[in-house]
Amino acid sequence: MKPYDYVLVGSGLYSAVFAYLAKQKGRKCLVVEKRNHTGGNVYCENIEGIHVHKYGAHIFHTSNKKVWEFVNSLAEFNRYTNSPVANYKGEMYNMPFNMNTFSKMWGICTPAEARAKIEEQRSSITGEPKNLEEQAVSLVGRDIYQKLIKGYTEKQWGRDCKDLPAFIIKRLPVRYTYDNNYFNDLYQGIPIGGYNVIIDKLLEGCHVETGVDYLENKEYYDSLGEKVVYTGPIDIYYDYQFGKLEYRSLKFETELLDEENYQGVAVVNYTDRETPYTRIIEHKHFEFGAQPKTVITREYPVGWSAGMEPYYPVNDEKNQALYQKYAALAQKETGVIFGGRLGEYKYYDMDKVIESAMRKAEEELV
Ligand code: FAD
Ligand code: UDP
C-alpha cells in the first residue's frame with residue numbers, strides 16, 4: 001500500500017480541481033509544485049492591498065453553468081467585465097472589434113456603414129482564409145488588421161501573421177453593436193479576494209510540497225502514490241525523445257506607482273510593432289480598488305528556451321503533429337494522467353481546464 005492515491009505534479013487549476021474532487025471521494029493526494037507557491041498561472045500576490053495577477057491578467061469567463069456554479073461555490077465573483085483598450089501610437093480604440101472601434105477608425109455611425117467598409121477592404125480574400133492575416137482581413141478589413149492586429153500578433157507569437165494559424169484570431173469577437181465586452185460568454189467576473197482564495201479551498205486537506213521539481217526525483221515521488229497526475233510539459237516528461245515542442249514565454253515587469261489611477265482601465269494593449277511590450281495591466285481595476293497607490297505590469301512576449309516558463313503552447317500544424325506522438329505514448333500509460341495547458345498542449349482558458357479536470361475526475365474516480 002502506498003501512502004497516497006494520487007501524486008499530483010503541479011498545483012495549477014487542473015491539479016487543484018482534480019485533487020478537490022478526489023478528496024471528496026475519500027482519496028489521499030500529494031501535490032508537488034516546482035514554484036515556491038501554489039496556483040500555477042492564476043497565482044496572485046498582495047501588494048499594498050492590491051491582488052496582483054503575477055502571471056498576467058486572468059479574467060474568468062465561461063458559458064458552462066456547471067463550471068460557473070462550481071467556482072462560485074469556492075469564492076464570490078464580482079461584476080468585472082473585460083473591456084480592454086488598444087493604444088496604436090497614441091490613438092485609442094475600444095476592443096474587441098465592435099461599433100466603437102469601427103466608428104473611431106472610419107468616422108462611421110451605423111452597422112451598415114461598417115459592413116460596407118469591411119466588405120470593401122476584404123475583397124482581396126477569396127475562399128477559406130489560409131492563415132491569420134487572411135482570417136483577420138476577412139473578419140475586420142485591412143485598416144484594423146494593420147493598426148490593431150498585425151503588430152500585436154507578431155510581437156506575441158514572434159512570427160509573421162502569414163505563418164500563424166487562423167484560429168488564434170477567431171478567439172476575439174467581432175460585433176456590429178456598441179458593446180466593448182471582450183468575451184461572448186454568459187458568465188464573467190473576478191473572484192473577490194483574488195484567485196488564491198479558490199486555489200487554497202481546492203487544495204485544503206492535501207499534502208502540498210512547493211519548491212520541488214518532480215522530474216528531479218521522479219522514482220521517489222512515483223513510489224508514494226498509486227497514480228500520478230502530471231500537469232507539466234508533456235515533452236519534458238518523455239525527455240524530449242521525439243524533439244522539443246515549441247512554447248511562447250513572457251517577461252513581466254511590475255512597478256508600484258505613487259498615483260491612484262495610471263491608465264483608467266485594467267488592460268491597455270499596445271498594438272504597434274515598435275513598443276516592445278504587448279500590454280500594460282493595472283491590477284486594481286480588476287476589483288475596482290480605491291487604494292492610494294497602483295501596481296502596473298508590462299508584459300513582454302519572448303521566445304521560449306529551456307529554463308523559462310512555457311506559458312503558451314504553439315498550436316500550429318508542426319507542433320500539433322509532434323504533440324500527437326507524445327499523446328500516443330501518454331495514452332498507453334496506465335499509472336499517469338496528463339492534464340492541463342501543458343500536459344495536453346492546448347491553448348486552454350481557465351474554464352476549459354476546469355472542465356477537462358472535471359471530466360477526467362468523473363472517468364477516473366468511480
Ligand atoms: P498551470 O497553471 O501552468 O500549472 C502547472 C503547474 O505545474 C505550474 O505551477 C508549474 O510550475 C508546475 N510544474 C510544471 N512542471 C513541474 C514539475 N516537473 N514538478 C513540479 N511542478 C511542475 N485563462 C482565462 O480563462 N482567462 C484569462 O484571462 C487568461 N489569461 C491568461 C494570461 C496569460 C498570460 C496566460 C499565460 C494564461 C492565461 N489564461 C487565461 C489561461 C490560464 O492561465 C490557464 O488555462 C490555467 O491557469 C492553466 O492551468 P493548468 O493547471 O493547466 O496549468
Ligand atoms: N490580438 C490582436 N490585437 C489585440 C489583442 C489580441 O491582434 O489587441 C490577437 C493576437 O493574435 C492574440 C489573439 O488575438 O494572440 C488572442 O487574443 P487574446 O486576448 O485572447 O490572447 P490571450 O489573452 O490568450 O493572450
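All residue numbers refer to positions in the sequence shown, counting from 1. In each ligand, atom 1 is the first atom listed, and ligand 1 is the first ligand listed.
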Name the closest protein heavy atom to [atom], giving the residue it belongs to and the distance to 0.1 Å.
| atom | answer |
| --- | --- |
| atom 22 (P) of ligand 2 | Tyr347 OH, 3.4 Å |
| atom 18 (N) of ligand 1 | Asp213 OD1, 2.9 Å |
| atom 47 (O) of ligand 1 | Val42 CG1, 3.7 Å |
| atom 2 (C) of ligand 2 | Tyr152 CD2, 3.5 Å |
| atom 3 (N) of ligand 2 | Leu148 O, 2.9 Å |
| atom 15 (O) of ligand 2 | Trp157 NE1, 2.9 Å |
| atom 23 (O) of ligand 2 | Arg279 NH1, 3.7 Å |
| atom 7 (O) of ligand 1 | Gly10 CA, 3.2 Å |
| atom 25 (O) of ligand 2 | Tyr312 OH, 2.8 Å |
| atom 18 (P) of ligand 2 | Tyr182 OH, 3.6 Å |
| atom 46 (C) of ligand 1 | Val353 CG2, 4.2 Å |
| atom 10 (C) of ligand 2 | Thr153 OG1, 3.3 Å |
| atom 14 (C) of ligand 1 | Gly232 CA, 3.6 Å |
| atom 3 (O) of ligand 1 | Asn41 ND2, 3.4 Å |
| atom 19 (N) of ligand 1 | Tyr214 N, 3.1 Å |

Given [options], which has its nearest heavy atom closest to [atom]?
| atom | options | result |
| --- | --- | --- |
| atom 8 (C) of ligand 1 | Arg279, Lys218, Met350, Glu33 | Glu33 |
| atom 35 (C) of ligand 1 | Arg341, Glu209, Lys346, His53 | Arg341 |
| atom 26 (N) of ligand 1 | Asp349, Leu250, Ile59 | Ile59 |
| atom 20 (C) of ligand 1 | Lys34, Arg248, His37, His58 | Lys34 |

To check you understand the geometry: which heavy-atom pair defines the closest contact between [X] and [Y], and what is its length?
| X | Y | value |
| --- | --- | --- |
| Lys360 | Ile337 | CG-CG2, 3.7 Å |
| Glu154 | Asp160 | OE2-CA, 3.6 Å |
| Ala266 | Phe286 | CB-CE2, 3.7 Å |

Is the backbone of [Y] close enough, under 3.5 Å, to the side chain of [X] for a donor and an acceptor to pair up by distance?
| X | Y | value |
| --- | --- | --- |
| Gln135 | Ile169 | no |
| Gln188 | Asn82 | yes |
| Gln146 | Arg142 | no |

Notebook entry, point to check: How far does CG of Asp235 sit from CG of Leu329, to the nearest 0.5 angstrom?
Noted result: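 CG of Leu329 is found 11.5 Å from CG of Asp235.
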Next item on the list: Quick one: look at Leu164 and ligand 2, take heavy-atom pairs under 4.0 Å, and tell me if it's side chain, backbone, both or neither.
Entry: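 Looking at Leu164 and ligand 2, no heavy atom falls under 4.0 Å.
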Check: What part of Met95 sits under 4.0 Å from ligand 2 if we count only heavy atoms: the side chain, the backbone, both or neither?
Finding: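 It is the side chain that gets close, since no backbone atom is under 4.0 Å.
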Within less than 4.0 angstrom of ligand 1, does [X] place any heavy atom?
| X | answer |
| --- | --- |
| Thr38 | no |
| Tyr312 | yes |
| Tyr348 | yes |

N/O of [X] under 3.5 Å from N/O of ligand 1, yes or no?
| X | answer |
| --- | --- |
| Gly39 | no |
| Asp351 | no |
| Ser11 | no |
| Glu309 | no |
| Leu13 | yes |

Decide whether an N or O pair under 3.5 Å exists between [X] and ligand 2.
| X | answer |
| --- | --- |
| Thr271 | no |
| Asn269 | yes |
| Ile169 | no |

Under 3.5 Å, is there a donor-acceptor pair linking the side chains of [X] and [Y]?
| X | Y | answer |
| --- | --- | --- |
| Tyr214 | Asp222 | yes |
| Asn184 | His61 | no |
| Arg175 | Asn100 | no |
| Asp143 | Gln121 | yes |
| Glu282 | Thr294 | yes |
| Ser63 | Asp185 | yes |

Next item on the list: Considering the heavy atoms of Tyr14, write down every atom of ligand 1 situated less than 4.0 Å from one of them.
Entry: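 The list of qualifying atoms is 51 (O).
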Next item on the list: For atom CD of Glu259, decide whether the heavy atoms of other residues, nucleotides or ligands shown that lie under 6.0 angstrom number more than 12.
Entry: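 Atom CD in Glu259 is packed in, count exceeds 12.
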Margin query: Does the structure place the NZ or CZ of Arg27 under 6.0 Å from the centre of the six-membered ring of Tyr6, at an angle of no more than 45° from the ring's axis?
Written below: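 Because its charged atom misses either the 6.0 Å distance or the 45° angle limit, Arg27 does not stack over Tyr6.
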Notebook entry, point to check: Taking the six-membered ring of Tyr43, is the NZ or CZ of Lys54 close enough (under 6.0 Å from the centre) and on axis enough (within 45°)?
Noted result: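 Verdict for Tyr43: no cation-pi partner in Lys54.
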Item checked: Residue that, paired with Asn319, satisfies side-chain hydrogen bond (donor to acceptor under 3.5 Å, both in side chains) out of Glu246, Gln324, Lys244 ->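 Among Glu246, Gln324, Lys244, the one that satisfies the side-chain hydrogen bond (donor to acceptor under 3.5 Å, both in side chains) with Asn319 is Glu246.
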Next item on the list: Taking the six-membered ring for Trp and the full ring for Phe, Tyr or His, determine whether the centres of Tyr237 and Tyr326 are under 6.0 Å apart.
Entry: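 No, they do not, as the ring centres are separated by 6.0 Å or more.
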Checklist line | Worked check of ring pair (Phe, Tyr, Trp, His ring centres under 6.0 Å) between Tyr277 and Tyr270 | finding: CA-CA 7 Å; Tyr277 41 87; Tyr270 286 79; 5.2 Å; yes
